[in-house]
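Down below is the structure, laid out as structure tokens.
In what follows, residues are counted from 1 in the order of the sequence shown. Just follow the structure's listing: the first ligand is 1, and inside any ligand the first atom is 1.
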Amino acid sequence: DGEAQKLEKAKITLNDCLACSGCITSAESVLVSQQSHGELCKVLALNKAAAAHEQKLVVVSVSPQSRASLAARCKLGLLETAQKLTTFLKGLGKCVHHVFDTTFSRNFSLLESQQEFVRRFQRQAEDKQALPMLASACPGWICYAEKTHGSFIIPHISTTKSPQQVMGSLVKGYFAEQQHLPPDRIYHVTVMPCYDKKLEASRPDFFNQEYQTRDVDCVITTGEVLKLLEQEGVSLSDVDPSPLDSMLGGAAEELSSHRGGGSGGFLEHIFTHAARELFGVQGASIHYRPLKNKDFQEVTLERDGQVLLHFALAYGFRNIQNLVQKLKRGKCPYHYVEVMACPSGCLNGGGQIKLEGESSKEELQQVERLYGSLRAERPEENQAVRELYEHWLGGWGSARALQALHTQYHAVERASSALSIKW
Ligand code: SF4
């Protein structure tokens, strides 16, 4: 009858998410009750007020994509941003103790993905589902695959954990041991470029039953860090820099990255490793060939006119759907596909700081320029990573490495994933 009627507030939990890409990859609209900057502030306040023997050690792990987005917005360099962000985050509630960089955990994700690809390639004759191997670092894609293509796609998805979840294993495993604390006495927060990472952290696979704790307790987006800065009335440019923390002790003096673009460089690392290990080609060069659009490109390794390796990247749901159709028709020519849910990849994630309209394109270009400006390191050459493999994980392929660095996926029946909203 045209009269206004006040509705009860809707409450949506993470379990209701269908990963339709409508809400979880667009900035404002996700309503998640346990994973937000508001929740973080509440937890920090409670932690500060708790008795000393009950207080948790608070660790924040910042993704390189978030750092680049903040640097572009605040017009600062990457190192400066990291140093100032460390000061700001440690000042939050005066009880954040360590600030790490998930570039470190990405080394493990890249190395494990490389090895996993070579193993799958070698068993392709006896295992028809070994190839193509599909990337596993994007939870938007994983959620979509599990809920819409279930058991058909899952065997193709790499079992390697994403950099966020490897960081979870490192912080609640290795770092907790170093601090002589059980995993539930650490509160681990990550700063990520998208909302989908909140879904990932909430997966039952990353919940430690014994200690009743998650590997990542709370995920906040880059945009939420900006909100925190605004809430505290702080401009990052005015904050004093702090030395960067390193998980193995001491201060990290510089930042490094990995080559291969803003989504982590999985395609490039696996490609060059496989070219070397499987075909003896050292330093294989990488030339992207755009297909339907810039978010669907392919790379090949050829010898005497024969294609030895055929890789692709497929970003955004339009290209993902194309890829899935190809797979279903048995017409997917690729050995590996770097699949990412966001068009343009993680630097353009739904949780990044964004402007509207034309300026948003320029801002993304600036984020990409900044992100690509760091020295790229090879994960194999990182001394700290080697040390952890040797001393903490007990070597390559050990049972502990498998448990800390790999995961599994679950087909979800469509009927059981109906959205339930109480109005
Ligand atoms: Fe998140 Fe988008 Fe990156 Fe996927 S592609 S991990 S949804 S930012």
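- With hydrogens and angles left out, the side-chain atoms of Ser63 and Ser66 include a donor and acceptor closer than 3.5 Å.
- Near Cys138, meaning under 4.0 Å from one of its heavy atoms, ligand 1 places the atoms 4 (Fe), 5 (S), 6 (S), 7 (S).
- For Arg289, the CZ atom sits in a loose shell: 12 or fewer heavy atoms of surrounding residues, nucleotides or ligands are nearer than 6.0 Å.
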Do Lys84 and Ser237 pass the side chain to side chain donor-acceptor pair (under 3.5 Å) test, and can you show the C-alpha distance, the side-chain angles, and the key distance before you say yes or no? CA-CA 8 Å; Lys84 287 170 182 277; Ser237 330; over 6 Å; no

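- With hydrogens and angles ignored, the 3.5 Å screen pairs a side-chain donor or acceptor of Glu224 with a backbone N or O of Thr221.
- Not a single heavy atom of Gly350 sits under 4.0 Å from any atom of ligand 1.
- Between Glu390 and Arg386 there is no salt bridge, since none of the side-chain N atoms of the basic residue sits less than 4.0 Å from a carboxylate O of the acidic one.
- A search for ring pair (Phe, Tyr, Trp, His ring centres under 6.0 Å) contacts involving His37 returns nothing, not counting sequence neighbours.
- Applying the 4.0 Å criterion to heavy atoms of Gly349 picks out, from ligand 1, the atoms 8 (S).
- Among the atoms of Cys346, no N, O or S atom is found under 2.8 Å from atom 2 (Fe) of ligand 1.
- Under the 4.0 angstrom criterion for non-hydrogen atoms, Ala341 is in contact with ligand 1.
- Close contacts of ligand 1 with Asp196, meaning ligand atoms under 4.0 Å from a residue heavy atom, involve 7 (S).
- Residues that satisfy the salt bridge (charged side-chain N to carboxylate O under 4.0 Å, His left out) test with Glu302, not counting sequence neighbours, are absent from this structure.
- Per-residue contacts place Met340 under 4.0 angstrom from the following atoms of ligand 1 (heavy atoms of the residue considered): 5 (S).
- For ligand 1, the atoms closer than 4.0 angstrom to any heavy atom of Pro139 are 6 (S).
- The distance from ligand 1 to the heavy atoms of Cys342 drops below 4.0 Å at these ligand atoms: 2 (Fe), 5 (S), 7 (S), 8 (S).
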